[in-house]
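Please read these numbers as outputs of a predicted model, since none were measured by experiment.
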Amino acid sequence: MPLPTARSTQLPAGRPRHRRCTDRPLGRPARRLAWRLRRLTVGPPDAGMTTAEYAIGTVAACGFAAVLYRVVTSGAVSGALGEMLDRALHAV
């Protein structure tokens, strides 16, 4: 029994329908579409931070947290926060 070709419309029973040949090179519009999709999904090669930038960002965040802790635990700010909390609790 001869094998079905791409142009044949009658296939033997139990055989899957013949698909188009996928080993042909892509046409120009398909290549452009694939290039655009790849460019949109992959992103630029230098997207994100490097290890050194993460280290600098972590040190800066720790420094900011230390300064903020000092400000919040100072007498004036601590007293103001205490008063605000007392007023909020007694308002209910």
Original post:
Any link between Val77 and Met84 through a network of hydrophobic side chains (Ile, Leu, Val, Met, Phe, Trp, Tyr) touching at under 4.5 Å?
Top reply: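 Looking at the clustering, Met84 is in the same group as Val77.
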
**OP:** Check whether any side-chain heavy atom of Arg38 sits under 4.5 Å from a side-chain heavy atom of Trp35, and report yes or no.
**Re:**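 They are in contact (side-chain heavy atoms under 4.5 Å apart), so the answer is yes.
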
Original post:
Rounded to the nearest 0.5 Å, how far does CG of Leu81 lie from OG1 of Thr73?
Top reply: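 That separation rounds to 10.5 Å.
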
